[in-house]
Amino acid sequence: MSDSDCDVVSSERLILVVDDDLAMRLLMREALEQAGLRVIEAENGEQAVEVFSREQPDLILMDVQMPVLDGFSACLRIRAGSGGDEVTIVMVTGLEDVASIQRAYEVGATDFITKPVNWPILNHRVRYLLRAADAFQSLRHNEQKLSQAQLVARLVHWEWNLADDSWVWSPSFRQVFGVGWAPVDSSYAGFVAMLAGGERHRVEAALARAIVQRSTCSIDHDLVLDDDNVRNVHTQARVIVDHAGNPVSMQGIVQDISERKKAEERIYFLAFYDALTGLPNRQLFMEHAKRALFDADKHGHRVALLYLDLDQFKRINDTWGHGAGDELLRSVSERLQESLRGSDMVAQVAHAGGDEVFSLSRLGGDEFTILLSNLHTASVVAQVADRVLEHLSTEPVRVSGQDIYIRASIGVAIYPDDGKEVETLLKNADTAMYQAKRSGRDTFRCYTNQMNSQFAKRLSLETRLKQAVERDQLVLHYQPKLDIRDNCQLVGFEALVRWEQPGFGLIPPDEFIPIAEDSGLIIPIGEWVLDTACAQIREWRARGRQAGHVGVNLSFQQFNQQGLVGQILHALQRHSVDPEALELELTESTVMHDVDSNTVILRNLKEVGISLSIDDFGTGYSSLSYLKQLPLDALKIDRSFVKDITTDSNDAAIIRAIIALGKTLDLAIVAEGVETPEQLEYLRQHGCDFAQGYLFSKPVPANEAEKLMEVAFFSCAAGKASGVG
Ligand code: C2E
Ligand code: MG
Ligand code: MG
């Protein structure tokens, strides 16, 4: 031992010498102080207990036989008192018999020395014991730190003795897993019993493999501590072998990763599920779809992709706010799940072999997809689509205190027929969905190849139309309207928009108005038409021409636009045009859509003096009672009825009925598309008031329309479309 070691151990070390023999105490003091130790004394056990608790010495040399309280009893009491479990107690016994040595250890002595004391080695012995105590204490300290660290890391270690199958957990086990003081089974079987049934085999196999290969194992699994205490853990273990290389035990750590797992699950959820409805999102949909296509290839099945889009969702969102929109989406998601869960539905699509047949996702907004895998017959798709649409719409959902009927349109694309990749299928299902919307909504359409070219055409048309609006390539043509009651006198014009595209000629509105409506371009187009028509009226008037009423067509979207009345008044004012010169044409579906609020708008327009007519009458659906309450001026009979008026008795009957209806409601009747003198004659005979049609004139540019105003009467009886000046 070096001097410095000696110093470290000796300095400030306090030794309590307990002996009733004064000579003994002095000798001990002498020997210890020479070695640099400090010494205090006690004469008996009683005093020793008292001095110990006051001075807290590092080591006690304790005589056994003493008056008042003997050494064994004193030792017991010191150990039981505060600080007593760490002090080193050396019994100094004259009785070197086994019984008293045994007794000394029983009462908690650290060691013993016998009398007569071998003085030269006493201080070596004492210093050795002090060092041992230090080492012991620092070991204890480290262990404490380790167990603290393990607690923080939620780590437990274990050792499995392969010879007797005992399994010992570290003390941190109880704290980390919160199992209180319930007994823990210290056997391998006890560990296995904590594994979830479905995982036992996997974990046991991993450990067994490590033993056979004398290697390590690393595995995630659950620990079932009791019914409502199940932890996700990560186990890492290694095999300990003896000198001959035979496995003797396994040591491992188990880390509680429940929190991390939960966080991971949350992240996974956020990444792959839609937070609003809890349905898989686009990301997960793509995964599911790819998987379904892969499986379909393997088994020679088909997969159907149903692309569902709510009808009028944007309006609900705009009218009642996003909260209501969210509520509605949640209800839709529930309805969809219900309709797919229905047992008869599953039966219809039997033979799925236990696989998930339907997989529902929300792609975003009001778009949902249903993936139908393991498809054998095409008829199933129609059944599913019908069922879904029906289940969505049979009962209203309550959103923000309102009953709302949900309607949707579904487009279907089939793998591999309509596309080899998910992206293509999605695109084609979307195209089909768009077709479903075009054909009246609340229905489904399957993708057909022609749709693609239609789709492409539509896209390019949409782009060009947008440019056309910006580049001022739209023009208005005017078709005269005549009073046919007497002679054919000009009473007004209908303004009809044309798209004049360099290289493409004149594109008719039937081709681009629907696109304009879908893309929202109808709003700027409508504004332009209104403004241009007003400017034209003013120009004609400035030149002393009498144009009569000029009719302008308003689309559904335009009519439902905020501030429509103000916008129209503004256009009139800007060009100083009297409201009486303007007539607005609205279709039945536009007006009948939300009659109550439309009535208000129509009254406002009517009050300022604008005329109102229902266009294409007979093709939509009109409620008679509503028709009565609307402030209308005229009904325009759709030209499809006029066309066969002289040959088809049904059409003739419809026309007569419309005319009769108009008379009852005190509305003027305008026939559209009059092409022959016979049609004109029939209409006139049955009391139709006004007419438009090629018989008189096609829609013509403004300058030609102006010439028509110079004509007093249109000659028509002879079938001549020329004017008579
Ligand atoms: P509409 O309002 O019913 O217009 C009457 C359509 O019948 C016009 O077609 C007109 O050219 C056509 N027509 C007139 N007389 C005859 C005839 O004797 N025989 C035949 N076969 N057709 C005749 P056009 O100009 O192609 O317009 C089609 C539709 O496009 C219009 O139907 C209207 O709904 C819409 N439209 C036209 N211009 C506008 C506009 O500025 N705004 C809006 N929102 N829609 C418009
Ligand atoms: Mg019209
Ligand atoms: Mg019409």
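Indexing begins at 1, ligand by ligand and atom by atom, following the structure's order. What you are looking at is a predicted structure, and each value in this text was computed from that prediction instead of being measured.
- Under 4.0 Å from ligand 1, the heavy atoms of Arg639 that appear belong solely to its side chain.
- Distance check: Leu329 CG to Ile316 CD1 gives 9.0 Å after rounding to the nearest 0.5 Å.
- The distance from ligand 1 to the heavy atoms of Pro699 drops below 4.0 Å at these ligand atoms: 11 (O).
- The contact set between ligand 1 and Asp616, taken as ligand atoms under 4.0 Å from a residue heavy atom, comprises 3 (O).
- When non-hydrogen atoms are compared, ligand 1 lies under 4.0 Å from neither the backbone nor the side chain of Lys698.
- Summarising the geometry, atom CG belonging to Leu310 is positioned 12.0 Å from atom CZ belonging to Arg407; distances are rounded to the nearest 0.5 Å.
- Each of the atoms 44 (N) of ligand 1 lies under 4.0 Å from some heavy atom of Ser555.
- Between Glu585 and Lys636 there is a salt bridge, since at least one side-chain N of the basic residue sits less than 4.0 Å from a carboxylate O of the acidic one.
- Of the heavy atoms in Asn553, both backbone and side-chain atoms come closer than 4.0 Å to ligand 1.
- Contacts between Gln692 and ligand 1 below 4.0 angstrom, taking non-hydrogen atoms only, are absent altogether.
- Ion pair Arg545/Glu539 not flagged as a salt bridge, since none of the NZ, NE, NH1 or NH2 atoms sits closer than 4.0 Å to an Asp/Glu carboxylate oxygen.
- For Glu672, every heavy-atom contact with ligand 1 shorter than 4.0 Å involves the side chain, none the backbone.
- Counting heavy atoms from C-beta on, the side chains of Glu494 and Lys481 never come closer than 4.5 Å.
- For ligand 1 and Val529, the ligand atoms under 4.0 Å from any heavy atom of the residue are 41 (O).
- Enclosure of atom NZ in Lys606 by more than 12 non-hydrogen atoms of other residues, nucleotides or ligands within 6.0 angstrom is indicated.
- Interface atoms of ligand 1 facing Asp510, defined by a heavy-atom separation under 4.0 Å, are 28 (C), 29 (C), 30 (O).
- Residue contact check: Glu675 has heavy atoms under 4.0 Å from atoms 17 (C), 18 (O), 19 (N), 20 (C), 21 (N) of ligand 1.
- Every salt bridge (charged side-chain N to carboxylate O under 4.0 Å, His left out) that Asp417 has, sequence neighbours left out, goes to Arg302.
- One distance of note links CG of Leu586 with CG of Asn598; it measures 8.5 Å at 0.5 Å rounding.
- To the nearest 0.5 angstrom, Leu612 atom CG is 9.0 Å from Leu630 atom CG.
- With Tyr434 as the aromatic partner, Lys437 does not meet the cation-pi criteria of under 6.0 angstrom to the ring centre and within 45 degrees of the ring axis.
- Expressed to the nearest 10°, the angle at the Mg ion (ligand 2) joining OE1 in Glu585 with OD1 in Asn553 is 90°.
- With no hydrogens or angles considered, a side-chain donor-acceptor pair links Ser613 and Glu583 at under 3.5 Å.
- Close to ligand 1: Arg498, with a non-hydrogen atom less than 4.0 angstrom away.
- Counting heavy atoms closer than 4.0 Å to ligand 1, residue Leu476 contributes nothing at all.
- The part of Val674 lying near ligand 1 is the backbone, judged by heavy-atom distances below 4.0 Å.
- Glu494 contributes OE2 as its N, O or S atom closest to the Mg ion (ligand 2).
- Residue contacts to the Mg ion (ligand 2): Asp615 brings an N, O or S atom closer than 2.8 Å.
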